Number of protein chains: 2
Amino acid sequence: MAKQTESSEKFKRSSCPVASTLDIIGDKWTLLVVRDLFAGKRTYSEFQGSPEKIPTNILAERLKRLAEYEIVVKKPYQHHPVRYEYLLTAKGKDLGPVLMTMVQWGEKHLPGTKAQIIPAKEAKP
Amino acid sequence: MAKQTESSEKFKRSSCPVASTLDIIGDKWTLLVVRDLFAGKRTYSEFQGSPEKIPTNILAERLKRLAEYEIVVKKPYQHHPVRYEYLLTAKGKDLGPVLMTMVQWGEKHLPGTKAQIIPAKEAKP
DNA sequence: TCGAGTAACTTGCAATTAACAAGTAAGTTG
DNA sequence: CAACTTACTTGTTAATTGCAAGTTACTCGA
């Protein structure tokens with residue numbers, strides 16, 4: 001788990017924006033977490049509840065990575081039982097179009113897939 | 001290398017179009033091959049020439065997968081020395097918007113990345 | 001106050017996948 | 001005919017994933 005440098009400079013395969021983007025989100029799970037965030041999920045256990053059943057160690061690692069890349073921020077939303085929530089940053093919200101184009105491609109070309117209508121987010125109770 | 005079924009039905013983690021799309025293109029290399037196809041590359045050795053230096057066994061496997069999913073078609077473009085070219089299908093061309101949104105995200109958020117202007121394709125020599 | 005429960009992780013492996021180097025087959029060129 | 005090229009395949013090692021179980025901190029009900 002050794003990082004290559006102390007700084008936030010990460011390894012890049014090339015200067016191509018597609019390749020560099022894939023270095024960050026190019027795996028089976030990362031964008032699913034981002035999708036869940038767009039769907040209004042905020043906590044570790046909410047992510048675990050998704051139908052794809054992400055392994056817990058992978059979820060933890062991906063959340064850490066997403067925080068390192070400043071796609072999400074982790075903050076406690078209550079103390080005593082300290083509980084954390086993960087929120088999309090502006091950088092993370094900018095992944096929305098990537099997700100949307102995947103939804104469009106999937107719905108057009110992969111039979112049996114169907115995006116859910118995301119209910120408008122309510123104010124926190 | 002055993003497939004789960006004889007038919008072209010592939011395993012899906014869920015009915016979510018994002019998850020199902022990621023089941024196909026959710027890795028570090030697949031979309032780079034698609035990017036190269038959009039950039040006008042057509043042959044195995046042209047893909048190998050890209051700056052990310054994809055391992056040859058992975059390139060072969062990904063091309064096979066892309067053909068199975070009908071994102072590309074493989075066809076010989078000359079006999080005698082049989083040489084193959086890979087071409088995007090309509091389904092593959094529909095991945096263009098996914099690539100474009102990644103370019104936009106990368107250029108905005110990943111310093112040092114820069115999309116190349118793709119030169120107009122010349123006639124085959 | 002004890003025991004069960006919950007959220008958010010961590011740890012330990014086995015199994016799968018990726019990476020790297022080398023080798024192969026068919027055909028062409030000097 | 002020896003070297004070269006394209007398009008792969010094979011073998012081996014390294015890294016990553018997936019699954020199960022364990023941990024920590026705190027709450028709640030009997």
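So that the names make sense, note that chain A is the first sequence line, chain B the second, and so on, each numbered from 1. What you are looking at is a predicted structure, and each value in this text was computed from that prediction instead of being measured.
In terms of position on DNA chain D, the residue among A/Lys53 and A/Pro81 whose nearest nucleotide sits closer to the 5' end is A/Lys53. Across the interface with DNA chain D, nearest-nucleotide mapping of B/Glu46 and A/His79 shows B/Glu46 to be the residue nearer the 5′ end.
We find that CG of A/Leu59 is positioned 9 Å from C1' of C/dA8, with the value rounded to whole Å. Atom C1' of nucleotide D/dC8 and atom CZ of B/Phe47 are separated by 14 Å, given to the nearest angstrom. As a whole-Å value, the separation of B/Glu52 CD from C/dA19 C1' is 16 Å. Rounded to whole Å, atom P of C/dA25 lies 16 Å from atom OH of B/Tyr44. Put simply, CD on B/Gln48 is 10 Å from P on D/dC8, counting in whole angstrom units. Atom pair B/Lys75:NZ and D/dT6:P shows a separation of 20 Å (rounding to whole Å applied).
The side-chain heavy atoms of B/Thr21 and A/Leu110, taken from C-beta on, include a pair separated by under 4.5 Å.
Among the nucleotides C/dC9, D/dC26, D/dT9, the one closest to the side chain of A/Tyr86 is C/dC9. When the nucleotides D/dA21, D/dT27, D/dC8 are ranked by their closest atom to the side chain of A/Thr56, D/dA21 comes out on top.
The backbone N or O of A/Cys16 lies less than 3.5 Å from no partner atom in the side chain of B/Thr113, so there is not a single donor-acceptor pair. Formation of a donor-acceptor pair under 3.5 Å by the B/Glu107 side chain with backbone atoms of B/Ala115 is found in this model. Side chain of A/Trp105 to main chain of B/Lys91: a donor-acceptor pair is present (N/O by atom type, distance under 3.5 Å, no hydrogens or angles).
Salt-bridge annotation for A/Asp23 and A/Arg13: present, with a side-chain N of the basic residue lying under 4.0 Å from a carboxylate O of the acidic one. A salt bridge links B/Arg42 with B/Glu85: the distance from a Lys NZ or Arg NE/NH1/NH2 to an Asp or Glu carboxylate oxygen falls below 4.0 Å. A salt bridge does not link A/Lys41 with A/Glu46: every distance from a Lys NZ or Arg NE/NH1/NH2 to an Asp or Glu carboxylate oxygen is 4.0 Å or more.
Applying the 3.5 Å distance criterion, the base of D/dT5 shares no donor-acceptor pair with the side chain of B/Ser45.
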Protein-nucleic acid N or O pairs under 3.5 Å, nucleotides 13-17 of chain D:
{"from": "D/dT17", "atom 1": "OP1", "to": "A/Arg62", "atom 2": "NH2", "distance (Å)": "2.8"}

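In terms of phosphate contacts, A/Lys74 brings a side-chain nitrogen or oxygen within less than 4.0 Å of OP1 or OP2 of C/dC9.
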